[in-house]
Amino acid sequence: MPHHLTVIGGGFAGLTAAITAAESGAQVTLYESHHTLGGRARTTEAGPYRTNEGPHALYNGGPHWAWLKQRGLLPPLAPLPPLEAARTRLRHRGMPRRLPPLGMLKLLRRKPEQAPVDRDFLSWATDQVGDEGARAAAHYIAVALFHHDPGALSAAFVHERLRRAFKLPPEAHYLRGGWSALIDVMAARAWDLGVRIETAARVDSGALAAHAQDGPVIVATSLDAARGLLGDASLRWDSGRTVLIDLAIRRRRGDAFIVSDLDTPGWVERFSAVDPTLAPAGEQLIQGQVPVGPGESKDDGVLRAEELLDLGMPGWRERTTWRREALANGRTGALDRPGTTWRDRPAIDRGDGVYLAGDQVAAPGVLAEVSFTSAVTAATLAVGASRRITA
Ligand SMILES: Cc1cc2nc3c(=O)[nH]c(=O)nc-3n(C[C@H](O)[C@H](O)[C@H](O)COP(=O)(O)OP(=O)(O)OC[C@H]3O[C@@H](n4cnc5c(N)ncnc54)[C@H](O)[C@@H]3O)c2cc1C
């Protein structure tokens, strides 16, 4: 008899869990509270522009890449034209530069096992290469951390991300049309496997308990939502707070592709350089993120993003045709403090047939890879548990 399994949440984690469980022969029902699937991987259409919630890259060194590719689920990629790659600018000591300080590059040569878990990145990296390279590296890697002070996080955690973000050829890839292209193919695969998908279907604690009577339940929501659903106050982990800026401007030759701030965390990127389908002809779509500290406001972050735009896209104000700003608080994945690793985050197996998946739980990887890995693990454990019960 096929065993039944419930998945709560239809984002990247929920769909990964549903597909994994259905491939093992489970009968899966997935509930998503929003009227569309995707969660934070949704691409929204704002008039003629297509934007993700902040810059979204898929790293090809991650486990999700191989898994998606094996199943033919990788949507068409938007390759970066070589000329655009050369238009990357770094702000260092207030000036635009093409190359980072040597100390930052030297850090990349340190082996992963050399970066300690129990020390903060800035003090460790300063011992290795001096203050200038250490600070520049900490600020550069904010692009994958969304944190206002990456130097205060675990050296092992930050160094792993630095190595992956700075690899050549680059690991970061962009999906043509945005991440919803990925969600669409994953949803189609889930349908093909017989997964029952219910959208606009919010599950509350009572309904969760009822589903748990029928078989294992995978809670694939954000950690905040899981905390409420499971009534478990211990479900907490650090995450970033960042200002997001989306901007459409009229095209002009010579605009930078990326402006990365090495003086303080911040990043703006002209996404339509990689994927022209994101903006109408003659316009370009820029997205940026500037992490802000607890005492800083959205306006502080916007101001810093504007400084980067001044540096890389001169005259952008007069060319602006559309603009949107937002603050993403605690939505950008797990951050590990000194002395902690992913193993210390909330465990996947919550007992009584309930499993957690998401980007702030105990699984390795960068950003959405944590959602992916925890979802595969949760589904494997859940299917194994229900097989044991049925047997
Ligand atoms: C600004 C920003 C930039 C990012 N950039 C990158 C990047 O470049 N690369 C990368 O790999 N990752 C990136 N991420 C992270 C990535 O978006 C997330 O890790 C991933 O999308 C999380 O997927 P998830 O399924 O775990 O959670 P979510 O996407 O949050 O999905 C959870 C789903 O559960 C649903 N839900 C919640 N409560 C209930 C309920 N009670 N009943 C039913 N459904 C419910 C929600 O509606 C949602 O659809 C970024 C995130 C942000 C915010």
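These figures come from a predicted structure and were not determined experimentally. Just follow the structure's listing: the first ligand is 1, and inside any ligand the first atom is 1.
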Distance filter under 4.0 Å to [X] heavy atoms, resulting ligand 1 atoms:
X    : answer
D359 : 18 (C), 19 (O), 22 (C), 26 (O)
F146 : 3 (C), 4 (C), 5 (N)
T332 : 2 (C), 52 (C), 53 (C)
G358 : 26 (O)
A13  : 24 (P), 25 (O), 26 (O)
L244 : 1 (C)
S371 : 19 (O), 22 (C), 23 (O), 24 (P), 26 (O)
A368 : 10 (C), 11 (O), 12 (N), 19 (O)

So is [X] in contact with ligand 1, going by heavy-atom distances below 4.0 Å?
X    : answer
G333 : no
A357 : no
R42  : yes
R331 : yes

What is the closest protein heavy atom to [atom], and at what distance does it sit?
atom                    : result
atom 31 (O) of ligand 1 : G11 CA, 3.7 Å
atom 5 (N) of ligand 1  : P55 O, 2.8 Å
atom 35 (C) of ligand 1 : E32 OE1, 3.3 Å
atom 10 (C) of ligand 1 : L367 CB, 3.4 Å
atom 34 (O) of ligand 1 : G9 CA, 3.3 Å
atom 30 (O) of ligand 1 : R40 NE, 2.9 Å

> With a 4.0 Å heavy-atom cut-off (strictly under), which part of A144 contacts ligand 1: side chain, backbone, both or neither?
Replying inline: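 It is neither part, as no heavy atom is under 4.0 Å.
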> Does the pair I286 and D246 meet the rule for a side-chain contact (heavy atoms from CB on, under 4.5 Å), with working shown?
Replying inline: CA-CA 6 Å; I286 294 162; D246 297 304; over 6 Å; no
> Is the H64-Y59 ring centre distance short of 6.0 angstrom?
Replying inline: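 No - the distance between ring centres of H64 and Y59 does not fall below the 6.0 Å cut-off.
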To which of [options] does the heavy atom nearest [atom] belong?
atom                    : options          : value
atom 42 (N) of ligand 1 : L356, V203, D224 : V203
atom 8 (O) of ligand 1  : S33, G10, A57    : A57
atom 38 (N) of ligand 1 : N329, T221, V366 : T221
atom 32 (C) of ligand 1 : A220, A165, G38  : A220

> Does a donor on one side chain sit under 3.5 Å from an acceptor on the other, for T277 and D275?
Replying inline: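 Checked: T277/D275 side chains pair up, N/O donor to acceptor below 3.5 Å.
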> Side chains of T36 and R42: donor-acceptor distance under 3.5 Å anywhere?
Replying inline: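 Present: a donor and an acceptor within the cut-off.
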Distance-only N or O hit between ligand 1 and [X], under 3.5 Å:
X   : answer
E53 : no
H56 : yes
F12 : yes

> Just one of R324, Q287, E45, H56 clears the side-chain hydrogen bond (donor to acceptor under 3.5 Å, both in side chains) bar with T51, so which one?
Replying inline: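 Exactly one option meets the side-chain hydrogen bond (donor to acceptor under 3.5 Å, both in side chains) with T51, and it is R324.
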>> Using the side-chain hydrogen bond (donor to acceptor under 3.5 Å, both in side chains) definition, which of the options D238, D359, D336 pairs with R345?
In response: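 Per the side-chain hydrogen bond (donor to acceptor under 3.5 Å, both in side chains) rule, the option paired with R345 is D336, out of D238, D359, D336.
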> Just checking, R161 and F157: is the charged tip under 6.0 Å from the six-membered ring centre and within 45° of the axis?
Replying inline: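 Judged by the rule, R161 and F157 form a cation-pi pair.
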> Parallel, tilted or perpendicular: which describes the rings of H159 and W124, with under 30° parallel and over 60° perpendicular?
Replying inline: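 It falls in the perpendicular class, over 60°.
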Is it true that [X] and [Y] make a salt bridge, defined as a side-chain N closer than 4.0 Å to a carboxylate O?
X    : Y    : result
R119 : D127 : yes
R93  : D263 : no
E325 : R323 : yes

> Measuring from R331:CZ to T242:OG1, what's the distance to the nearest 0.5 Å?
Replying inline: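 Interatomic distance, R331 CZ to T242 OG1, rounded to 0.5 Å: 12.5 Å.
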> Minimum heavy-atom separation for L235 to P346, with atom names?
Replying inline: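 It is CD2-CB, 3.8 Å.
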>> How close do R241 and L327 get, counting heavy atoms only, and between which atoms?
In response: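 Smallest heavy-atom distance, with atoms named: NH2-CD2, 3.9 Å.
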> Is there a donor-acceptor pair under 3.5 Å between the side chain of E84 and the backbone N or O of P81?
Replying inline: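 Side chain of E84 to backbone of P81: no pair is present.
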